[in-house]
Amino acid sequence: MKKTAIILGATGLTGGVLLNLLLKDDNYEKVKLFSRSSVKSTNPKIEEHLVDLLELGTYKDEFKADVIFCCIGTTKSKTPSEEQYRKIDYGIPVNAARLAKDNGINQFLVISALGVDPNSRVFYNRVKGEMERDVLKQGIDNTYIFQPSLIGGKRNEKRTGEQIAQFFMGVFSFLVPKKYKIIEPETIAQGMYLVADNGYEEVRITSEKIKEIAAK
(Lines give C-alpha, C1' and ligand atoms only; values in the text may rest on other atoms or scores of the structure.)
Protein backbone atom coordinates (compact mmCIF):
# COMPACT_ATOMS: atom_id res chain seq x y z
CA MET A 1 0.00 0.00 0.00
CA LYS A 2 1.39 3.37 -1.02
CA LYS A 3 2.11 5.94 1.66
CA THR A 4 1.66 9.64 2.27
CA ALA A 5 4.35 11.58 4.13
CA ILE A 6 4.38 14.99 5.76
CA ILE A 7 7.59 17.02 5.91
CA LEU A 8 7.95 20.03 8.16
CA GLY A 9 10.98 22.05 7.08
CA ALA A 10 11.33 20.91 3.45
CA THR A 11 12.97 24.23 2.52
CA GLY A 12 15.90 23.52 4.87
CA LEU A 13 19.03 21.55 4.02
CA THR A 14 18.06 18.21 5.54
CA GLY A 15 14.38 18.54 4.69
CA GLY A 16 15.20 19.31 1.08
CA VAL A 17 17.37 16.21 0.70
CA LEU A 18 14.72 14.09 2.39
CA LEU A 19 12.06 15.45 0.05
CA ASN A 20 14.06 14.33 -2.98
CA LEU A 21 14.47 10.84 -1.52
CA LEU A 22 10.73 10.48 -0.98
CA LEU A 23 9.87 11.81 -4.42
CA LYS A 24 12.08 9.14 -6.00
CA ASP A 25 10.49 6.35 -3.94
CA ASP A 26 7.49 4.74 -5.63
CA ASN A 27 6.21 3.61 -2.24
CA TYR A 28 5.27 7.23 -1.50
CA GLU A 29 2.37 8.50 -3.57
CA LYS A 30 2.10 11.91 -1.90
CA VAL A 31 4.37 14.21 0.09
CA LYS A 32 2.63 17.00 1.97
CA LEU A 33 4.77 20.02 2.78
CA PHE A 34 3.88 22.43 5.57
CA SER A 35 6.15 25.44 5.20
CA ARG A 36 6.29 29.22 5.25
CA SER A 37 7.71 29.32 1.72
CA SER A 38 7.44 27.20 -1.41
CA VAL A 39 10.00 24.66 -2.57
CA LYS A 40 9.08 25.78 -6.11
CA SER A 41 8.64 22.29 -7.52
CA THR A 42 6.07 21.06 -10.04
CA ASN A 43 6.41 17.42 -9.01
CA PRO A 44 2.86 15.98 -8.97
CA LYS A 45 3.55 14.07 -5.74
CA ILE A 46 3.94 17.31 -3.80
CA GLU A 47 1.01 18.90 -1.97
CA GLU A 48 2.13 22.23 -0.55
CA HIS A 49 0.53 24.03 2.35
CA LEU A 50 2.02 27.49 2.87
CA VAL A 51 1.15 28.15 6.48
CA ASP A 52 2.19 29.77 9.73
CA LEU A 53 3.91 26.82 11.43
CA LEU A 54 3.39 28.47 14.80
CA GLU A 55 -0.35 27.99 14.23
CA LEU A 56 -0.12 24.39 13.06
CA GLY A 57 -3.20 23.33 15.01
CA THR A 58 -5.32 25.38 12.62
CA TYR A 59 -4.55 22.86 9.87
CA LYS A 60 -5.59 19.69 11.67
CA ASP A 61 -7.89 18.53 8.86
CA GLU A 62 -5.06 18.69 6.31
CA PHE A 63 -2.48 17.20 8.68
CA LYS A 64 -3.08 13.57 7.75
CA ALA A 65 -0.49 11.06 6.52
CA ASP A 66 1.22 7.76 7.32
CA VAL A 67 4.48 9.27 8.55
CA ILE A 68 5.69 12.68 9.68
CA PHE A 69 9.24 13.95 9.26
CA CYS A 70 9.93 17.03 11.40
CA CYS A 71 13.08 18.77 10.18
CA ILE A 72 12.40 22.11 11.85
CA GLY A 73 15.16 23.95 13.67
CA THR A 74 16.70 27.36 14.15
CA THR A 75 19.85 28.78 15.78
CA LYS A 76 20.73 31.38 18.38
CA SER A 77 22.18 33.68 15.69
CA LYS A 78 19.13 33.41 13.45
CA THR A 79 16.62 33.64 16.30
CA PRO A 80 18.21 35.62 19.17
CA SER A 81 14.91 35.94 21.05
CA GLU A 82 14.64 33.05 23.51
CA GLU A 83 10.85 33.24 23.41
CA GLN A 84 10.76 32.94 19.61
CA TYR A 85 13.41 30.22 19.64
CA ARG A 86 11.27 28.18 22.02
CA LYS A 87 8.18 28.64 19.84
CA ILE A 88 10.09 27.18 16.89
CA ASP A 89 12.32 24.45 18.33
CA TYR A 90 9.90 23.31 21.01
CA GLY A 91 6.46 24.48 19.91
CA ILE A 92 6.39 23.29 16.31
CA PRO A 93 7.60 19.68 16.89
CA VAL A 94 5.43 19.19 19.99
CA ASN A 95 2.32 20.60 18.31
CA ALA A 96 3.01 18.42 15.27
CA ALA A 97 3.26 15.35 17.52
CA ARG A 98 -0.04 16.24 19.19
CA LEU A 99 -1.73 16.55 15.80
CA ALA A 100 -0.20 13.25 14.73
CA LYS A 101 -1.60 11.57 17.82
CA ASP A 102 -5.05 13.14 17.34
CA ASN A 103 -5.13 12.08 13.68
CA GLY A 104 -3.98 8.51 14.31
CA ILE A 105 -0.58 8.87 12.63
CA ASN A 106 1.68 6.22 14.15
CA GLN A 107 5.10 7.23 12.83
CA PHE A 108 6.88 10.43 13.87
CA LEU A 109 10.53 11.23 13.14
CA VAL A 110 12.07 14.45 14.46
CA ILE A 111 15.50 16.08 14.42
CA SER A 112 16.83 17.21 17.79
CA ALA A 113 20.51 17.58 18.75
CA LEU A 114 23.27 15.73 20.52
CA GLY A 115 23.63 16.29 24.25
CA VAL A 116 20.25 17.89 24.98
CA ASP A 117 18.74 17.66 28.45
CA PRO A 118 15.43 19.02 29.81
CA ASN A 119 17.23 19.82 33.07
CA SER A 120 20.18 21.60 31.48
CA ARG A 121 21.17 25.07 32.67
CA VAL A 122 21.93 25.94 29.06
CA PHE A 123 18.73 27.35 27.53
CA TYR A 124 19.19 25.88 24.06
CA ASN A 125 20.01 22.40 25.31
CA ARG A 126 17.11 22.57 27.74
CA VAL A 127 14.55 23.58 25.11
CA LYS A 128 15.42 20.67 22.81
CA GLY A 129 15.47 18.32 25.80
CA GLU A 130 11.98 19.48 26.77
CA MET A 131 10.88 19.01 23.16
CA GLU A 132 12.08 15.40 23.15
CA ARG A 133 10.37 14.72 26.47
CA ASP A 134 7.02 16.16 25.39
CA VAL A 135 7.06 14.57 21.94
CA LEU A 136 7.53 11.20 23.63
CA LYS A 137 4.66 11.99 26.02
CA GLN A 138 2.27 11.82 23.05
CA GLY A 139 2.76 8.06 22.98
CA ILE A 140 3.06 7.68 19.20
CA ASP A 141 4.02 4.06 18.58
CA ASN A 142 6.92 4.65 16.20
CA THR A 143 8.65 7.79 17.41
CA TYR A 144 12.31 8.30 16.50
CA ILE A 145 14.42 11.22 17.69
CA PHE A 146 17.54 11.98 15.65
CA GLN A 147 20.35 13.62 17.62
CA PRO A 148 22.98 14.91 15.18
CA SER A 149 26.12 16.74 16.19
CA LEU A 150 27.03 19.92 14.28
CA ILE A 151 25.37 19.73 10.86
CA GLY A 152 27.54 20.56 7.85
CA GLY A 153 26.45 21.85 4.45
CA LYS A 154 26.17 25.28 2.86
CA ARG A 155 23.21 27.44 3.81
CA ASN A 156 21.79 30.48 2.08
CA GLU A 157 21.58 32.47 5.31
CA LYS A 158 24.65 33.55 7.23
CA ARG A 159 25.33 31.55 10.41
CA THR A 160 28.72 32.86 11.51
CA GLY A 161 29.00 30.78 14.70
CA GLU A 162 28.23 27.55 12.87
CA GLN A 163 30.64 28.42 10.06
CA ILE A 164 33.47 29.01 12.53
CA ALA A 165 32.67 25.78 14.37
CA GLN A 166 32.58 23.83 11.10
CA PHE A 167 35.94 25.28 10.08
CA PHE A 168 37.71 24.33 13.31
CA MET A 169 36.03 20.92 13.51
CA GLY A 170 37.18 20.28 9.96
CA VAL A 171 40.76 21.42 10.52
CA PHE A 172 41.09 19.63 13.86
CA SER A 173 38.91 16.67 12.96
CA PHE A 174 41.55 14.24 14.18
CA LEU A 175 41.15 15.65 17.72
CA VAL A 176 37.34 15.50 17.76
CA PRO A 177 35.75 12.39 19.34
CA LYS A 178 33.88 10.31 16.77
CA LYS A 179 30.43 11.02 18.17
CA TYR A 180 30.95 14.81 17.90
CA LYS A 181 32.26 14.93 14.32
CA ILE A 182 30.35 16.99 11.75
CA ILE A 183 27.45 15.20 10.11
CA GLU A 184 26.15 16.13 6.67
CA PRO A 185 22.45 16.82 5.98
CA GLU A 186 22.48 14.10 3.32
CA THR A 187 23.46 11.58 5.99
CA ILE A 188 20.68 12.66 8.35
CA ALA A 189 18.08 12.60 5.57
CA GLN A 190 19.20 9.13 4.46
CA GLY A 191 19.03 7.91 8.04
CA MET A 192 15.51 9.25 8.52
CA TYR A 193 14.40 7.77 5.22
CA LEU A 194 15.71 4.31 6.09
CA VAL A 195 14.39 4.31 9.65
CA ALA A 196 10.93 5.28 8.38
CA ASP A 197 10.99 2.18 6.17
CA ASN A 198 12.74 -0.28 8.44
CA GLY A 199 12.32 0.97 12.00
CA TYR A 200 15.10 0.99 14.61
CA GLU A 201 15.68 -0.67 17.96
CA GLU A 202 16.19 2.63 19.80
CA VAL A 203 14.03 5.74 20.08
CA ARG A 204 16.93 8.20 20.34
CA ILE A 205 19.43 7.88 17.51
CA THR A 206 22.74 9.67 18.06
CA SER A 207 24.93 11.19 15.37
CA GLU A 208 27.26 8.20 15.24
CA LYS A 209 24.34 5.80 14.85
CA ILE A 210 22.74 7.96 12.15
CA LYS A 211 25.95 7.60 10.16
CA GLU A 212 25.93 3.83 10.62
CA ILE A 213 22.31 3.58 9.42
CA ALA A 214 22.90 5.80 6.40
CA ALA A 215 25.96 3.79 5.36
CA LYS A 216 24.02 0.53 5.05
Side-chain angles (χ1 to χ4, degrees), residues 2-28 31-33 35 39 41 43 45-46 65-75 89 93 96-97 100 105-116 128 131-132 135-136 140-156 159 162-163 165-167 169-216:
K2 296 202 179 251
K3 297 186 288 186
T4 295
I6 288 175
I7 300 179
L8 301 173
T11 55
L13 280 179
T14 303
V17 176
L18 178 61
L19 173 59
N20 288 330
L21 290 173
L22 299 183
L23 293 178
K24 292 175 183 177
D25 188 338
D26 291 338
N27 291 315
Y28 289 88
V31 184
K32 295 183 178 182
L33 309 181
S35 309
V39 296
S41 172
N43 191 298
K45 281 189 179 184
I46 293 177
D66 299 292
V67 54
I68 296 174
F69 298 94
C70 186
C71 304
I72 290 293
T74 186
T75 62
D89 269 42
I105 302 169
N106 69 357
Q107 207 170 13
F108 190 90
L109 296 86
V110 59
I111 297 176
S112 180
L114 196 62
V116 303
K128 285 189 181 293
M131 179 275 287
E132 290 189 6
V135 162
L136 290 172
I140 299 169
D141 289 341
N142 300 290
T143 298
Y144 299 101
I145 297 172
F146 290 74
Q147 298 179 320
S149 56
L150 183 65
I151 302 173
K154 295 182 179 180
R155 294 170 173 81
N156 291 327
R159 295 186 179 184
E162 286 190 13
Q163 290 172 350
Q166 285 183 25
F167 171 77
M169 286 184 74
V171 172
F172 299 104
S173 177
F174 62 96
L175 295 175
V176 179
K178 191 175 179 181
K179 68 177 182 178
Y180 296 118
K181 289 183 183 294
I182 289 174
I183 185 169
E184 297 301 325
E186 292 82 4
T187 303
I188 302 170
Q190 180 73 4
M192 296 181 84
Y193 170 71
L194 291 174
V195 169
D197 276 356
N198 305 310
Y200 196 67
E201 61 269 19
E202 297 175 36
V203 170
R204 289 181 171 89
I205 308 174
T206 61
S207 204
E208 195 171 348
K209 291 176 182 176
I210 296 170
K211 292 177 181 178
E212 291 174 359
I213 294 166
K216 292 180 180 177

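Computation of the quantities below employed the complete heavy-atom set of this structure, encompassing side-chain atoms and omitting hydrogens, waters and symmetry-equivalent molecules. Heads up: numbering here begins at 1 and tracks the sequence.
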Q: What is the distance from atom CD of Glu184 to atom NZ of Lys211, rounded to the nearest 0.5 Å?
A: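 Spacing of CD (Glu184) from NZ (Lys211) equals 8.5 Å.
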Q: For side chain to side chain contact (heavy atoms under 4.5 Å, CB included), just list the numbers for Met192 and Ile111, CA-CA rounded to whole Å, side-chain angles, deciding distance to a tenth of an Å, and then say yes or no.
A: CA-CA 9 Å; Met192 296 181 84; Ile111 297 176; 3.8 Å; yes
Q: Could you go step by step and tell me if Ile105 and Ile140 meet the side chain to side chain contact (heavy atoms under 4.5 Å, CB included) rule?
A: CA-CA 8 Å; Ile105 302 169; Ile140 299 169; over 6 Å; no
Q: Using the test salt bridge (charged side-chain N to carboxylate O under 4.0 Å, His left out), find all partners of Glu202 that sit at least two apart in sequence or belong to another chain.
A: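 If we apply the salt bridge (charged side-chain N to carboxylate O under 4.0 Å, His left out) test to Glu202, skipping adjacent residues, the hits are Lys209.
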Q: Could you tell me which non-hydrogen atom of Tyr28 sits nearest to which non-hydrogen atom of Ala196, and how far apart they are?
A: OH-CB, 4.1 Å
Q: From Ile68 CD1 over to Thr143 OG1, what is the distance, rounded to the nearest 0.5 angstrom?
A: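 Those atoms lie 9.5 Å apart.
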Q: SG of Cys71 to CZ of Phe146: how many Å apart, nearest 0.5 Å?
A: 9.5 Å
Q: What pair of heavy atoms forms the shortest contact from Ala10 to Ser35, and how long is it?
A: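 The pair with the smallest heavy-atom distance is N-OG, 4.2 Å.
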Q: Over all heavy atoms of both residues, which pair between Pro185 and Ile151 is shortest? Give the atoms and the distance, please.
A: CD-CG2, 4.0 Å
Q: Who pairs with Lys32 by salt bridge (charged side-chain N to carboxylate O under 4.0 Å, His left out), at least two apart in sequence or on another chain?
A: none
Q: Enter the distance from Thr187:OG1 to Ile210:CD1 here, rounded to the nearest 0.5 Å.
A: 9.0 Å
Q: Could you point out which residue of Val116, Ile145, Val110, Asp89 forms a side chain to side chain contact (heavy atoms under 4.5 Å, CB included) with Met131?
A: Val110
Q: Hey, which of Lys128, Glu132, Gln147 is the one that makes side-chain hydrogen bond (donor to acceptor under 3.5 Å, both in side chains) with Ser112?
A: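 Exactly one option meets the side-chain hydrogen bond (donor to acceptor under 3.5 Å, both in side chains) with Ser112, and it is Glu132.
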Q: For the residue pair Phe108 and Cys70, what are the closest heavy atoms and their distance?
A: CZ-CB, 4.2 Å
Q: Considering residues at least two apart in sequence or located in another chain, which fulfil the salt bridge (charged side-chain N to carboxylate O under 4.0 Å, His left out) criterion with Lys45?
A: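 Lys45 satisfies salt bridge (charged side-chain N to carboxylate O under 4.0 Å, His left out) with no other residue.
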Q: Taking C-beta and beyond as the side chain, do Leu136 and Arg204 meet within less than 4.5 Å on heavy atoms?
A: yes
Q: Are there over 12 heavy-atom neighbours, none belonging to Lys24, within less than 6.0 Å of that residue's NZ?
A: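 For Lys24, atom NZ is not crowded (no more than 12 foreign heavy atoms under 6.0 Å).
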Q: Tell me which one of Leu22, Leu19, Ile7 satisfies side chain to side chain contact (heavy atoms under 4.5 Å, CB included) with Ile46.
A: Leu19
Q: Given side chain to side chain contact (heavy atoms under 4.5 Å, CB included), test Gln107 with Asp66 step by step and report yes or no.
A: CA-CA 7 Å; Gln107 207 170 13; Asp66 299 292; 5.8 Å; no
Q: Can you tell me if Ser149 uses its side chain to pair, donor with acceptor, with the backbone of Lys181 under 3.5 Å?
A: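 Present.
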Q: Do you know which of Val17, Ile183, Ile205, Leu18 makes side chain to side chain contact (heavy atoms under 4.5 Å, CB included) with Ile188?
A: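 That would be Ile183.
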Q: When rounded to the nearest 0.5 angstrom, what distance separates CZ in Phe69 from CD1 in Ile6?
A: 10.5 Å
Q: Using side chain to side chain contact (heavy atoms under 4.5 Å, CB included), reason through Asn20 and Glu186 one step at a time and then give a plain yes or no.
A: CA-CA 11 Å; Asn20 288 330; Glu186 292 82 4; over 6 Å; no
